[in-house]
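Encoded as structure tokens, the structure appears first; notes follow it.
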Amino acid sequence: MAPKNKGKAKDAGDAKDAGGGKGKLKPATSINVRHILCEKHSKKEEALEKIRNGAKFDEVAREMSEDKARQGGSLGWKVRGSLMLDFEKVAYELEPSTTGAPKIGEVKTSEGYHIIMVEGRK
């Protein structure tokens with residue numbers, strides 16, 4: 001019965017069925033995203049090194065991010081189209097993860113170098 005429902009209500013079925021898909025992520029209309037913003041490449045690399053060595057993403061964000069919102073790098077829930085295009089492209093490709101074991105992406109924008117992680121998708 002599941003395949004029938006998926007065919008009829010494509011958007012609703014895909015959005016709710018985020019658990020089982022390996023490989024490609026289901027399309028999302030919003031993400032719960034965190035980032036670390038650094039003006040200099042060397043500082044971004046230092047932050048990345050800390051994360052790779054086991055530091056929690058939110059702690060590194062509080063310590064090293066140059067963003068105004070220093071709440072562990074949290075930007076909260078963001079809908080498609082509300083973020084810078086390059087940032088959004090990378091962020092929407094990331095799998096959800098935790099601050100203790102983040103799956104990260106990187107992008108350079110006009111604001112600087114971003115290290116991005118996503119905590120949730122809907």
Side-chain angles (χ1 to χ4, degrees):
M1 275 189 228
K4 266 190 212 173
N5 187 21
K6 210 172 192 181
K8 283 183 194 169
K10 193 174 184 185
D11 292 336
D14 284 355
K16 288 177 185 157
D17 188 21
K22 285 193 173 143
K24 276 211 125 183
L25 288 168
K26 301 276 186 218
T29 56
S30 63
I31 53 173
N32 188 4
V33 64
R34 290 181 183 264
H35 80 139
I36 297 169
L37 173 64
C38 301
E39 280 183 33
K40 294 190 172 144
H41 184 265
S42 58
K43 189 168 181 184
K44 179 208 57 140
E45 289 298 316
E46 187 183 334
L48 272 176
E49 190 64 30
K50 287 182 180 220
I51 293 167
R52 288 185 183 128
N53 288 333
K56 292 180 85 174
F57 190 96
D58 55 333
E59 291 170 2
V60 176
R62 276 188 202 95
E63 180 187 336
M64 301 193 73
S65 184
E66 295 163 15
D67 187 6
K68 289 176 278 211
R70 298 186 114 196
Q71 304 148 325
S74 179
L75 298 175
W77 285 96
K78 296 291 181 186
V79 295
R80 233 179 244 281
S82 67
L83 298 163
M84 296 177 91
L85 189 61
D86 292 339
F87 183 103
E88 190 169 283
K89 224 179 263 184
V90 173
Y92 272 88
E93 293 296 315
L94 289 171
E95 287 180 50
S97 58
T98 63
T99 57
K103 294 180 180 174
I104 56 176
E106 301 175 51
V107 67
K108 184 180 188 311
T109 68
S110 58
E111 292 182 358
Y113 297 90
H114 302 264
I115 304 168
I116 308 166
M117 73 160 286
V118 171
E119 289 186 292
R121 297 169 60 88
K122 31 180 180 176

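Since the structure is predicted, the reported quantities are computational estimates derived from the model, not experimental observations. We use all heavy atoms of the structure for the numbers below, so side chains are in, but hydrogens, waters and symmetry mates are not.
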### Task
Run through Ile31, Val33, Leu83 and flag the one making a side-chain contact (heavy atoms from CB on, under 4.5 Å) with Ile116.
Val33
### Query
Stepwise, does the side chain to side chain contact (heavy atoms under 4.5 Å, CB included) test hold for Leu48 with Tyr113?
CA-CA 11 Å; Leu48 272 176; Tyr113 297 90; over 6 Å; no
### Query
Are any non-hydrogen side-chain atoms of Arg80 and Thr29 less than 4.5 angstrom apart?
no
## Note on the structure
What one should report as the nearest heavy-atom pair of Ile115 and Phe57 is O-CZ, 3.5 Å
### Summary
In this structure, NZ of Lys50 is separated from CE of Met64 (nearest 0.5 Å) by 5.5 Å
### Message
If hydrophobic clusters are built from ILVMFWY residues whose side chains come within less than 4.5 Å, do Leu37 and Val90 share one?
### Response
no
## Note on the structure
Closest non-hydrogen contact found for Lys103 with Leu94 is O-CD2, 3.9 Å
### Message
Taking the side chain as everything from C-beta on, heavy atoms only, tell me whether Tyr92 gets closer than 4.5 Å to Val118.
### Response
no
### Task
Looking only at non-hydrogen atoms, find the nearest pair between Ala55 and Val60 and report the distance.
CB-CG2, 3.6 Å
### Query
More than 12 heavy atoms of other residues, nucleotides or ligands under 6.0 Å from CD of Glu106: is that the case?
yes
### Message
Let's go through Glu66 and Lys43 carefully: what are the C-alpha distance in whole Å and the side-chain angles of both, what is the deciding distance for side chain to side chain contact (heavy atoms under 4.5 Å, CB included) to 0.1 Å, and is it a yes or a no?
### Response
CA-CA 10 Å; Glu66 295 163 15; Lys43 189 168 181 184; 3.1 Å; yes
### Query
Between Lys122 and Trp77, is any pair of side-chain heavy atoms under 4.5 Å apart?
yes
### NZ (Lys40) with more than 12 external heavy atoms under 6.0 Å
no
### Task
Could you please spell out the steps behind the side chain to side chain contact (heavy atoms under 4.5 Å, CB included) verdict for Ile51 and Ile36?
CA-CA 11 Å; Ile51 293 167; Ile36 297 169; 3.8 Å; yes
### Task
Can you measure from CD (Glu45) to SG (Cys38) and round to the nearest 0.5 angstrom?
9.5 Å
### Task
Would you name the heavy atoms of Asp58 and Arg34 that are closest together and state the gap between them?
CB-NH1, 3.6 Å
### Task
Return the minimal non-hydrogen interatomic distance between Arg62 and Gly72, and the atom names on each side.
CG-N, 3.7 Å
### Message
Which heavy atom of Ser97 sits nearest to which heavy atom of Pro102, and what is that distance?
### Response
OG-CA, 3.5 Å
### Message
With a 4.5 Å cut-off on side-chain heavy atoms, are Glu119 and Pro96 touching?
### Response
no
#### Entry: Worked check of side chain to side chain contact (heavy atoms under 4.5 Å, CB included) between Met84 and Ser110
CA-CA 9 Å; Met84 296 177 91; Ser110 58; 3.1 Å; yes
### Query
Once the angle between the rings of His35 and His114 is folded into 0 to 90°, is it parallel (under 30°), tilted (30 to 60°) or perpendicular (over 60°)?
parallel
### Task
Take atom CD of Glu93 as the centre, draw a 6.0 Å sphere, and report whether it contains more than 12 heavy atoms from other residues, nucleotides or ligands.
no
